[in-house]
Amino acid sequence: MDILDILGKINNVLWGPPSLILLFGTGLFLTFVLKGLQFRRLIYAFKIGFGKEDSKDAAAEGDVSHFKALMTALAATIGNGNIAGVATAITLGGPGAIFWMWIVGLLGMATKYGEALLAVKYRVKNDKGEYSSGPMYYIERGLGRKFKGLAIAFALFGAFAALGIGNSVQSNTIADVTSNSFGMANWVTGLILVVLVSVIIFGGIQRISTVASFFVPIMAFLYMGGALIILILNYDMIIPAFELIFYYAFNPVAAAGGFLGIVVSEAIRNGVARGIFSNEAGLGTAALIAGNARADHPVKQALVAMTGTFIVTIVVCTMTGLTLLITGFWDPSGGVLSGVAHDATLEGGALTSAAFGSVLGVVGEYIVSFSVIFFGFSTIVGWYVYGEKCFEYLAGSKGIAGYRLVYIAACGVGTVANLATVWAFADMANALMMIPNLIALLLLWKVIVAETNDYFNNFYEAAKTTAKQAS
């Protein structure tokens with residue numbers, strides 16, 4: 001048995017039903033104790049992230065604005081999982097997997113809210129005068145030094161995961177796309193990426209957040225714009241597509257032709273697993289950047305952070321899923337909506353690209369190609385912040401320069417390497433990040449509730465009173 005087989009067996013355990021139940025259960029528990037805050041305060045949360053609250057918090061402690069912190073987190077979160085991951089979820093779990101992605105996304109909003117709140121509350125200043133935050137800090141400072149082993153474990157696996165799934169895997173995907181779509185040699189792509197990534201990450205958190213604030217809206221509009229055109233051109237199929245999602249969330253997909261059929265448990269498992277991979281709620285990654293935000297209360301950035309999960313899962317993943325269902329590219333026989341058969345060997349990103357191309361022609365395929373490039377690049381830049389914060393906790397600020405060089409090297413190597421083993425290691429590292437983070441969230445739930453009540457009973461009401469008096 002080789003290393004890849006061993007890692008595969010480990011990952012089957014780490015990402016098996018117990019872990020998925022823990023993730024799902026944590027989101028459900030926090031939703032309950034917070035009384036559905038992610039639903040009640042969603043509009044207000046968007047106002048903070050995209051409205052005038054940023055200017056009000058300009059004098060508050062922190063390194064970047066609410067908006068820039070959100071864009072940096074989205075840069076790392078909106079990735080190829082939203083293109084390839086959704087396609088995989090539907091092909092393995094059927095249309096019903098989308099429903100379960102929604103459920104885990106909606107519950108995950110509460111999880112991400114808790115992560116970001118604790119990140120701001122327990123953040124610290126490093127010797128450069130910048131804020132550092134993340135699960136390792138709220139584990140150690142919130143739970144006490146007896147839990148420091150958990151904090152070290154999170155930081156160690158987080159620093160490693162950043163090199164893999166946040167970096168090498170992304171650069172490899174970009175190299176494949178540039179090679180297939182534009183005939184560019186992988187080493188040339190690697191050289192370009194190394195130069196661009198170096199220029200950005202050596203500029204620190206300010207430059208990274210500025211680049212993310214520029215790139216994320218562009219790549220989102222590019223990809224979502226293409227999907228929206230497909231939905232408009234096939235508007236009569238939108239309602240039937242939603243009917244498929246709701247029906248197959250609770251009913252098996254029958255075998256037909258070359259299609260093997262799918263049981264409900266597969267829809268649930270793939271929807272939950274891919275939903276978590278797409279929005280990262282529960283992994284603790286959002287907490288690694290949330291602490292850099294300028295905020296006069298932890299709840300403010302927590303609300304902003306949870307909008308990221310809504311954007312990624314409820315908006316981006318839904319548009320990908322609807323496109324695949326409407327064009328019939330979830331089923332080799334063409335599905336019940338399109339009835340046009342397609343190549344059964346297509347999977348992941350290639351399947352999504354073919355779905356776009358079936359309606360928009362070569363333009364649709366290029367939209368997906370450029371989206372993969374933008375998504376992958378932004379993920380590399382965004383995950384660097386995560387990796388740096390984790391490594392800084394382990395080795396201090398003086399060790400960051402070395403980690404930065406390793407990160408840049410991993411980006412270049414990723415474009416020419418066979419990454420099957422790196423994928424497996426990164427999946428394992430992600431799972432091992434998740435476990436200490438969820439333990440901390442469950443043990444610190446009273447702190448999350450207390451801070452939430454403090455804000456809405458005091459700061460929020462006072463702000464409303466001031467606004468009324470001013471008007």
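Predicted model, so just to flag it, every value in this text is computed and none were measured. No hydrogens, no waters, no symmetry mates; every other heavy atom, side chains included, goes into these values.
- Interatomic distance, Cys317 SG to Leu322 CG, rounded to the nearest 0.5 Å: 11.0 Å.
- The number of heavy atoms from other shown groups lying within 6.0 Å of CZ (Phe32) does not exceed 12.
- In this structure, the side chains of Tyr138 and Glu115 come closer than 4.5 Å at one or more pairs of heavy atoms.
- At a threshold of 4.5 Å between non-hydrogen side-chain atoms, the residues Leu163 and Tyr403 count as touching.
- The shortest heavy-atom contact between Ala162 and Gly387 is CB-CA, 3.6 Å.
- Considering only heavy atoms from C-beta on, Met101 comes within 4.5 Å of Val86 through its side chain.
- Remark: the backbone N or O of Val120 is not paired with any side-chain donor or acceptor of Ser133 at under 3.5 angstrom.
- Asn453 and Asn457 are not linked by any side-chain donor-acceptor pair at a separation below 3.5 angstrom, with hydrogens and angles left out of the test.
- When ring centroids are compared, Tyr393 and Phe154 stay outside the 6.0 Å threshold.
- Taken to the nearest 0.5 Å, the CD1 atom of Ile90 stands 3.5 Å off from the CD1 atom of Ile98.
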Problem set entry | Residues Tyr407, Ile380; criterion side chain to side chain contact (heavy atoms under 4.5 Å, CB included); working and verdict | CA-CA 9 Å; Tyr407 196 87; Ile380 292 171; 3.9 Å; yes
Exercise. Passes side chain to side chain contact (heavy atoms under 4.5 Å, CB included), Val104 versus Leu23? Steps please.
Worked result: CA-CA 9 Å; Val104 78; Leu23 275 162; 6.0 Å; no
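- In terms of heavy-atom proximity, Leu288 sits nearest to Met136 at CD2-CE, 3.4 Å.
- Considering only heavy atoms from C-beta on, Lys112 stays 4.5 Å or farther from Val312 through its side chain.
- In this model, no donor atom of one side chain and acceptor atom of the other lie less than 3.5 Å apart for Tyr113 and Thr309.
- Between the CD1 atom of Ile174 and the CZ atom of Phe375 there is a distance of 11.5 Å, given to the nearest 0.5 Å.
- Atom OG1 in Thr452 sits 5.5 Å away from atom CG in Leu117 (nearest 0.5 Å).
- Between Phe99 and Trp102, the angle of the ring planes goes over 60°, which puts this pair in the perpendicular group of the 30/60° scheme.
- Each of Leu233, Asn234, Asp236, Leu244 was checked for a side-chain contact (heavy atoms from CB on, under 4.5 Å) with Ile326, and the lone residue meeting it is Asn234.
- The heavy-atom pair separating Ala45 from Thr307 by the smallest distance is CB-CG2, 3.5 Å.
- Heavy-atom minimum distance, Thr111 versus Gly27: OG1-CA, 3.2 Å.
- With sequence neighbours left out, Phe221 forms a ring pair (Phe, Tyr, Trp, His ring centres under 6.0 Å) with no residue at all.
- Side-chain atoms of Ser168 come within 3.5 Å of backbone atoms of Ala410 as a donor-acceptor pair (strictly under, hydrogens ignored).
- For Ser358, the side chain to side chain contact (heavy atoms under 4.5 Å, CB included) partners at least two apart in sequence or on another chain are Thr327, Phe329.
- With a 4.5 Å cut-off on side-chain heavy atoms, Thr285 and Met433 count as touching.
- In this structure, Arg41 is positioned above the aromatic face of Phe456, its NZ or CZ under 6.0 Å from the six-membered ring centre and within 45° of the axis.
- In this structure, CZ on Phe157 lies 6.0 Å from CE on Met428, to the nearest 0.5 angstrom.
- The CD1 atom of Ile192 sits 13.0 Å away from atom OG of Ser171, with the distance rounded to the nearest 0.5 Å.
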For this session: Give the C-alpha distance, both sets of side-chain angles, the deciding distance and a yes or no for side chain to side chain contact (heavy atoms under 4.5 Å, CB included) between Met109 and Phe39.
Result: CA-CA 9 Å; Met109 289 172 67; Phe39 311 117; 5.5 Å; no
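- Side-chain contact between Ile200 and Phe377: present, with at least one pair of heavy atoms (C-beta onward) separated by less than 4.5 Å.
- Nearest approach of Ala110 to Thr31, heavy atoms of both residues: CB-OG1, 3.5 Å.
- With a 4.5 Å cut-off on side-chain heavy atoms, Thr323 and Phe356 count as touching.
- Remark: the backbone N or O of Ile400 is not paired with any side-chain donor or acceptor of Glu388 at under 3.5 angstrom.
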For this session: Begin with the C-alpha distance, continue with both residues' side-chain angles, and end with the deciding distance and a verdict on side chain to side chain contact (heavy atoms under 4.5 Å, CB included) for Met319 and Tyr223.
Result: CA-CA 9 Å; Met319 295 186 79; Tyr223 181 71; 5.8 Å; no
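- For the pair Arg123 and Tyr131, the cation sits on the ring face: its NZ or CZ lies under 6.0 Å from the ring centre, inside 45° of the axis.
- Sparse packing is recorded around OH of Tyr247, with 12 or fewer heavy atoms of other residues, nucleotides or ligands lying under 6.0 Å away.
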Listing, residues 439-451 side-chain donor-acceptor contacts under 3.5 Å, not counting sequence neighbours, or none:
| from | atom 1 | to | atom 2 | distance (Å) |
| --- | --- | --- | --- | --- |
| Glu451 | OE2 | Lys121 | NZ | 2.9 |

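- For the pair Gln301 and Ala290, the tightest heavy-atom approach, listed with the atom from each and the gap, is CG-O, 3.6 Å.
- Residues Tyr366 and Leu360 have side chains not in contact (no heavy-atom distance under 4.5 Å, counting atoms from C-beta outward).
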